[in-house]
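Got a structure for you, written out below as structure tokens; questions coming shortly.
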Amino acid sequence: MKTDLTDTTASKVNKALVLGRRAIGTPAVGMVLTLVIVTDEENAYDALKAANDASREHPSRTLVVIKRVSRSPRDRTKSRLDAEVRLGAEAGTGETVVLRLYGEVINHAQSVVLPLLLPDAPVVVWWPVNAPLDPAKDPLGALAQRRVTDTYAAESPVRELNARADAYAPGDTDLAWTRITPWRSMLAAALDQVVCDVAAVEVEGEEFNPSCELLAMWLADRLDVPVKRSLSAGPGLTAVRMETSCGPIVLDRADGSLATLSIEGQPDRAVALKRRETAELMAEELRRLDPDDTYASALRYGVDRLNAEAEAAEETSSGGTATATKTAPGAKKSAAAPAAKKAASSSAAKKATSGSAAKKSPAKKAPSKKAAAE
């Protein structure tokens, strides 16, 4: 069931929800949370589809806030609210309200959303694109216990991660972090199978993928070892290589669906690590509404610190190689010195021997006068 309301108010939207529930025969509200999606017209369809799929696991009231930019200066001064109320099969297992805001009301979206929140139920705000730099201080973010962003959709993901770390507040999370949950589980399980020390780690993935940086920061924070971030053609994360005292541990996923786990002394194993859809990611995020301390610790580790420590480790290893190379000619020189000394002493002995032999040999006597006369 779908109801369109033009130039309406929040109270009229609430009335349409009540009438709609009665019309389809479900007057009771059986939803567990309110999901607020803040997006633009271009990304609204995909975000709403993901939310409807996630609502099969978490029945919720979904409020889609679309801020429409008016073309003329005159229209920008006029406030208008259009709403689309969806119930039944069109809204998954919950209720969906699409709110389109025009004019000055764009800057006061929280006043439209607040009357539509479910009473005594948690609130989650999700920005699929164009998330604020500080979600907790955003007017809509302040209404929520959980704030979900996606740095993968940002123009500069690494810079966005730094901004997220600076403005982090309990309840913030990111879908780039949710994407690496299977990787973190598999790597932790691999390390549980061996008793050894990790010396260094390399995380390989495509460029401009913040999940690679987050996984590298998590490993560096937890293992306290240098972690190198290297680039590949993708898709997404492609490999993690750990150098340990028991031999290398490699988790390699070249095709984006099936990975291979290699541990020294054990047969290679095929592991299902497919790239998940946004609906699965949102369903995972909605399972827990408490602050994610592990994400906070990894995020605060910092991309700059990660790169600095990796460069320092590379310089140390290259410095050790250069020192060894320098030492080799020196050793050659010191080994050649005794040989030269020995050769010099033997030549001196030869000279001395020939000199003494020359002294000992009698000189030929001059012929006597008698013999000369003869």
Side-chain angles (χ1 to χ4, degrees), residues 124 126-127 131 133-136 141 145-154 156-192 197-231 236-244 249 251 253 259 273 275-276 280-282 284-313:
V124 179
W126 172 32
W127 291 270
L133 292 178
D134 192 347
Q145 286 80 31
R146 192 83 162 163
R147 295 165 292 275
V148 184
T149 56
D150 191 359
T151 52
Y152 186 78
S156 179
V158 175
R159 193 184 305 164
E160 195 83 3
L161 280 179
N162 290 328
R164 294 278 171 271
D166 295 338
Y168 176 81
D172 290 355
T173 190
D174 199 284
L175 292 184
W177 172 255
T178 316
R179 288 183 182 97
I180 62 173
T181 300
W183 285 82
R184 293 189 293 120
S185 303
M186 193 55 58
L187 292 171
L191 288 175
D192 283 342
D197 297 326
V198 181
V201 181
E202 181 182 2
V203 176
E204 183 184 271
E206 65 182 355
E207 196 175 2
F208 306 118
N209 190 332
S211 296
C212 302
E213 271 75 19
L214 281 170
L215 182 60
M217 289 190 289
W218 175 71
L219 289 167
D221 181 50
R222 291 292 165 182
L223 299 176
D224 195 21
V225 295
V227 179
K228 179 185 176 184
R229 164 74 163 98
S230 57
L231 301 179
L237 266 164
T238 52
V240 175
R241 301 179 183 88
M242 294 188 282
E243 296 296 330
T244 71
I249 297 176
L251 183 59
R253 184 189 70 177
L273 271 182
R275 304 188 75 191
R276 298 183 293 170
E280 296 177 62
L281 303 177
M282 283 304 299
E284 180 184 329
E285 280 301 329
L286 296 176
R287 283 181 205 130
R288 53 173 299 173
L289 300 176
D290 55 322
D292 192 342
D293 297 331
T294 308
Y295 167 68
S297 180
L299 186 65
R300 284 172 174 159
Y301 187 88
V303 180
D304 296 335
R305 180 182 169 191
L306 177 74
N307 296 335
E309 291 195 358
E311 287 172 8

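Computed from heavy atoms alone, side chains included, the values below leave out hydrogens, waters and symmetry copies.
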Check the side chains of Glu284 and Thr178 for a donor-acceptor pair under 3.5 angstrom, ignoring hydrogens and angles.
->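 On atom types as modelled, these side chains do not qualify, holding no pair under 3.5 Å.
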
Out of curiosity, Met186 CE to Leu273 CG, how far, rounded to the nearest 0.5 Å?
->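 So the gap between those two atoms works out to 5.5 Å.
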
Give the minimum heavy-atom separation between Ala131 and Arg164, together with the two atoms involved.
->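 In terms of heavy atoms, the two residues are closest at CB-NH2, 3.3 Å.
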
Quickly, which of Met217, Arg222, Glu213 forms a side-chain contact (heavy atoms from CB on, under 4.5 Å) with Tyr301? Name it, please.
->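 Result: among Met217, Arg222, Glu213, Met217 is the only option passing the side-chain contact (heavy atoms from CB on, under 4.5 Å) with Tyr301.
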
Answer yes or no: are there more than 12 heavy-atom neighbours, outside Asp192 itself, under 6.0 Å from its atom CG?
->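 Counting other residues, nucleotides and ligands, CG of Asp192 exceeds 12 neighbours.
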
Could you state the interatomic distance from OH (Tyr295) to CG (Leu214), rounded to the nearest 0.5 Å?
->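 That separation rounds to 6.5 Å.
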
Mark yes when over 12 heavy atoms from residues, nucleotides or ligands other than Leu231 sit less than 6.0 Å from its CG; otherwise mark no.
->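 Atom CG in Leu231 is packed in, count exceeds 12.
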
Please name the residue in the list Val201, Leu215, Asp221, Val240 that meets the side-chain contact (heavy atoms from CB on, under 4.5 Å) test with Val227.
->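 Testing Val227 for a side-chain contact (heavy atoms from CB on, under 4.5 Å) against Val201, Leu215, Asp221, Val240 leaves exactly one candidate, Val201.
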
Thinking salt bridges, do Asp150 and Arg179 make one under a 4.0 Å N-O criterion?
->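 Salt bridge present between Asp150 and Arg179.
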
What's the shortest heavy-atom distance between Ala259 and Arg253, and which atoms?
->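 That would be CB-CB, 3.8 Å.
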
Please round to the nearest 0.5 Å and tell me the distance separating atom CG of Leu237 and atom CG of Leu251.
->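 Nearest 0.5 Å value for the CG-CG distance: 9.0 Å.
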
Heavy-atom distance under 4.5 Å between the side chains of Leu191 and Met242, does that happen here?
->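 SC-SC contact between Leu191 and Met242 confirmed.
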
To the nearest 0.5 Å, tell me how far Asp290 CG sits from Gln145 CD.
->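 Reported value, rounded in 0.5 Å steps: 11.5 Å.
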
Interatomic distance, Arg276 atom CZ to Leu281 atom CG [nearest 0.5 angstrom] =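 It is 5.0 Å, given to the nearest 0.5 Å.
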
So, the side chain of Arg146 versus the backbone of Leu286: is there a donor-acceptor pair under 3.5 Å, distance only?
->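 The answer is no, because no donor-acceptor pair under 3.5 Å joins these two groups.
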
CG/Asp166 to CG/Leu161 distance, rounded to the nearest 0.5 angstrom?
->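 The distance works out to 11.0 Å.
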
Does the side chain of Asp174 come within less than 4.5 Å of Leu299's, by heavy atoms?
->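 No, every pair of side-chain atoms sits at 4.5 Å or beyond.
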
Consider only side-chain N and O atoms of Asp292 and Thr173, and report whether a donor and an acceptor are under 3.5 Å apart.
->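 Per modelled atom types, Asp292 and Thr173 side chains form no pair under 3.5 Å.
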
Do Glu160 and Thr149 come within less than 4.5 Å of each other through their side chains, counting heavy atoms only?
->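 With C-beta onward as the side chain, the pair stays apart.
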
Non-hydrogen side-chain atoms of Arg241 and Lys228 separated by less than 4.5 Å |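 No - every pair of side-chain heavy atoms lies 4.5 Å or more apart.
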
Any donor-acceptor pair under 3.5 Å from Ser185 side chain to Thr181 backbone =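 It does hold such a pair.
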
Relative to Tyr168, does Arg300 satisfy both conditions: NZ or CZ under 6.0 angstrom from the six-membered ring centre, and within 45 degrees of the ring's axis?
->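 No, Arg300 does not lie over the aromatic ring of Tyr168.
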
